[in-house]
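One structure below.
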Amino acid sequence: MWFTIRRRLTMTTDNPTSSDSPTVGADLGDQLWRWNATELARAIATGLISSREVVESCLSRIEDVNPHLNALVEVRPEDALSLADAADRQRSSGAQLGPLHGVPVATKVNSDVAGYATTDGIPAFKDSAAKQDSPHVASLRRAGAVIMGRSNSPAFAYRWFTNNDLYGRTLNPWDSSRTPGGSSGGAASAVASGMVPIAGGNDIGGSVRYPAYACGVVGLRPTVGRVAQTYQSDEVDSSLSVQIMAVQGPLARSVEDVRLAMKALEDFSHRDPAFVPGARAAKLPGHRPRVGLVRDFGVAAPSSAVNTSLESAADYLCDAGYVVEEIELPVLAEAYRLWYLLCMEEFRLAMPLVDEVGDDGMKKAAEHYYAVAQEWWGNKPSLDQFIAGYARRGTLIRQLGGILESHPLILLPVSSEQAFEQDADIASVESMRRLMGAQASMMAIPVLGFPAMSVPTGVVDGLPTGVQLLGRRFDEDTLLDAATVIEAHAGTFTPIGPR
């Protein structure tokens, strides 16, 4: 989940591999759309292949599978090819190249890209063209990336299900009856199905980590302040919770590609008041860090498939020299509930606009969120509760930071279940209660501002499984190193064809 409200409206057990043949379109073998971003960047930089060849291959893949998945909602082939040609000319000139030079990427419909409408999946915003790129999009351009198109999102990026009245529903390539996640569901579906090797997402309530998990790809939520961003346009005031909890992060089919994307995304921008230039965590000792394994922090017990994923990941890390110990982490249970006070009460101020232009699915989801949250915070939380909640947040940050001093890595579920059935959040209040519990870490980690990432570990009953790694602030490298170990043992499971 990631929500943004734009106020500029002018109105009152199987284990398939990446070589599996798709059921939509033909098996195209070792074509360029199958390559990961790191391979593409290296081959383009050395002249082995051209950016145009890569873009043409990805456009062909998009044409083949996107009509079924509806993951990318605005693709401009001529613009993409023009950018690819410019990238090829720059390489031929001998100019210095960025880390993503000539590599296709997708951006999300709630991120500003100059000349594209930042729609948030809202029909009323369909002509709301951005005047300039968001800082993270500008960073991708400076790194040489070729923007292929826009990835779908739920209205206002508010749900874990990607559907809206403007573009329609995005499907999970593994199983169309299951969500591809949200709000970056279009990004995850596009990456998993081979349309682009890297896609941008954003995360205030799991919107990078959960779609990556649901679609079997890798997704990183960086530390708040690590990647420069704007939350909406520069002219729009953003809530405090969005400013201090929301992040931009990459989704890709490999850990190596996520690491590469982060190199491109770390540029300074004065436009982000939370950006911390050059921030890095204190160095760890030379040996492998201790890992705290958390199966259940007191909200929802993991399913057997999720528990098996945790055990497999723990074994892989132990084999690589990490010391894995089961620990308790009740701080996350409290942080999970706190998110629904701090974020959702600020979001309540935007509900008049939601009532005016939001879709029925979003309105029903909001109704259910508030119905469950009032069991903790009452129907109308007071200002005193809100102030005390932010004070408590600082204490919880210190507590989690102390735990991460002894265990610099935490291994825990992304969700206590595999990908949810489509629209399970709006089926009933009871169904929403189940989902909110399953997704507890999706909220708990953002409210405290720490980095975390989703890493696939396998496929059970036709759906991906995976684990989450949580780490110290500004220590994404330790997360990526551990994720590399897990990936080396588990393998990769995408790209796949829609099923």
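Start at 1 with the first residue, then count along the sequence.
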Output, in order, the C-alpha distance, side-chain angles, deciding distance and verdict of side chain to side chain donor-acceptor pair (under 3.5 Å) for Ser207 and Asn202.
CA-CA 6 Å; Ser207 281; Asn202 30 51; 5.3 Å; no

Step by step, work out the side chain to side chain contact (heavy atoms under 4.5 Å, CB included) result for Leu411 and Val294.
CA-CA 6 Å; Leu411 173 64; Val294 178; over 6 Å; no

Chi angles and distances behind the side chain to side chain contact (heavy atoms under 4.5 Å, CB included) call for Val113, Ile147:
CA-CA 9 Å; Val113 176; Ile147 295 175; 4.3 Å; yes

Dump the intermediate steps for side chain to side chain contact (heavy atoms under 4.5 Å, CB included) on His407 and Ile410, then the final yes or no.
CA-CA 7 Å; His407 294 84; Ile410 306 293; 4.3 Å; yes

Given the rule in the side chain to side chain contact (heavy atoms under 4.5 Å, CB included) test, do Met195 and Cys58 qualify, once you have shown the distances and angles that lead to the verdict?
CA-CA 5 Å; Met195 297 188 215; Cys58 287; over 6 Å; no

Report the C-alpha separation of Glu430 and Arg433 in whole Å, then their side-chain angles, then the decisive distance to 0.1 Å, and conclude whether the salt bridge (Lys or Arg N to Asp or Glu O under 4.0 Å) test is met.
CA-CA 5 Å; Glu430 193 55 42; Arg433 181 179 288 106; 2.5 Å; yes

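Side chains of Ser238 and Gln243: a donor-acceptor N/O pair is absent below 3.5 angstrom, by distance only. Counted by atom type alone, Glu476 and Thr223 present one or more donor-acceptor pairs between their side chains at under 3.5 Å. Side chains of Asp315 and Ser312: a donor-acceptor N/O pair is absent below 3.5 angstrom, by distance only. At a cut-off of 3.5 Å, with distance as the only test, a side-chain donor of Thr107 or Arg150 sits close to an acceptor on the other residue.
Between Arg209 atom CZ and Ile445 atom CD1 the span is 5.0 Å, to the nearest 0.5 Å. The line from OG of Ser153 to NZ of Lys108 is 4.5 Å long, rounded to the nearest 0.5 Å. The line from CG of Leu448 to CD of Gln399 is 9.5 Å long, rounded to the nearest 0.5 Å. Remark: Leu265 CG to Leu260 CG distance equals 9.5 Å, nearest 0.5 Å. Taken to the nearest 0.5 Å, the OG atom of Ser304 stands 10.5 Å off from the CD atom of Glu311. Note that the CG atom of Asp257 and the CG atom of Leu251 stand 11.5 Å from one another [nearest 0.5 Å].
Contact between Ile426 and Ala365 at its shortest, heavy atoms only, is CG2-N, 3.7 Å. Considering all non-hydrogen atoms of both residues, Ser111 and Gln248 come closest at OG-OE1, 3.9 Å. Minimum heavy-atom separation, Ser309 to Val467: O-CG1, 3.5 Å. Taking both residues in full, the closest heavy atoms of Pro289 and Leu409 are given as CG-CD1, 4.2 Å, listed atom of the first, atom of the second, then distance. Between Phe275 and Val227, the shortest heavy-atom contact is CD1-C, 4.0 Å. Looking at every heavy atom in both residues, Leu341 comes nearest to Pro381 through CD1-CB, 3.7 Å.
Arg141 pairs by the salt bridge (charged side-chain N to carboxylate O under 4.0 Å, His left out) definition with Asp133, not counting sequence neighbours. For Arg398, there are no salt bridge (charged side-chain N to carboxylate O under 4.0 Å, His left out) partners at least two apart in sequence or on another chain. A search for salt bridge (charged side-chain N to carboxylate O under 4.0 Å, His left out) contacts involving Glu256 returns nothing, not counting sequence neighbours. By the ring-ring contact (aromatic ring centres under 6.0 Å, His included) test, Phe450 pairs with no residue at all, sequence neighbours left out. Taking the ring-ring contact (aromatic ring centres under 6.0 Å, His included) definition, one finds that Tyr322 meets it with nothing, sequence neighbours left out.
Annotation: side-chain hydrogen bond (donor to acceptor under 3.5 Å, both in side chains) contacts involving residues 437-450, sequence neighbours excluded, comprise Ser415-Gln439, Ser441-Gln468.
Residues Leu329 and Leu400 are in side-chain contact: their nearest non-hydrogen atoms beyond the backbone lie under 4.5 Å apart. Residues Val306 and Ser416 are not in side-chain contact: their nearest non-hydrogen atoms beyond the backbone lie 4.5 Å or more apart. Between Leu100 and Leu140, some side-chain heavy-atom pair lies under the 4.5 Å cut-off. Met436 places a side-chain heavy atom less than 4.5 Å from the side chain of Tyr336. Counting heavy atoms from C-beta outward, Gln418 and Thr465 have side chains that approach closer than 4.5 Å. Between Thr457 and Ile486 the shortest side-chain heavy-atom distance falls below 4.5 Å. Contact of the Arg253 side chain with the Glu487 side chain is not registered, since no non-hydrogen atoms from C-beta on lie closer than 4.5 Å. Side-chain contact between Pro456 and Pro464: absent, with no pair of heavy atoms (C-beta onward) separated by less than 4.5 Å.
The aromatic rings of Phe420 and Trp160 lie tilted to each other, with the angle between the two planes from 30° to 60°. In this structure, Tyr390 and Phe386 have perpendicular ring planes: the angle between them is above 60°, well past the 30° mark.
Without hydrogens or angle criteria, Ser139 side chain to Pro135 main chain gives a donor-acceptor distance under 3.5 Å. Judged purely by atom type and a 3.5 angstrom limit, Ser176 has no side-chain atom pairing as donor or acceptor with the backbone of Leu171. The closest donor-acceptor contact from the side chain of Ser189 to the backbone of Gly185 lies at 3.5 Å or more, if one exists at all. Panel note: side chain Gln229, backbone Ala246; a donor-acceptor pair is recorded below 3.5 Å. Counting only distance, with no hydrogens or angles, the side chain of Ser134 and the backbone of His136 share no donor-acceptor pair below 3.5 Å. A donor-acceptor pair under 3.5 Å is formed between the side chain of Asp203 and the backbone N or O of Val208. A distance-only check finds a donor-acceptor pair linking the side chain of Ser406 to the backbone of Ile403 [under 3.5 Å]. Checked by atom type and distance alone, the side chain of Glu346 pairs as donor or acceptor with a backbone atom of Ser241 at under 3.5 Å.
Among the candidates Tyr369, Tyr370, Trp376, the single residue satisfying the side chain to side chain contact (heavy atoms under 4.5 Å, CB included) test with Val372 is Trp376. Just one residue in the list Leu69, Thr179, Thr162, Asp423 forms a side chain to side chain contact (heavy atoms under 4.5 Å, CB included) with Arg169, and that residue is Asp423.
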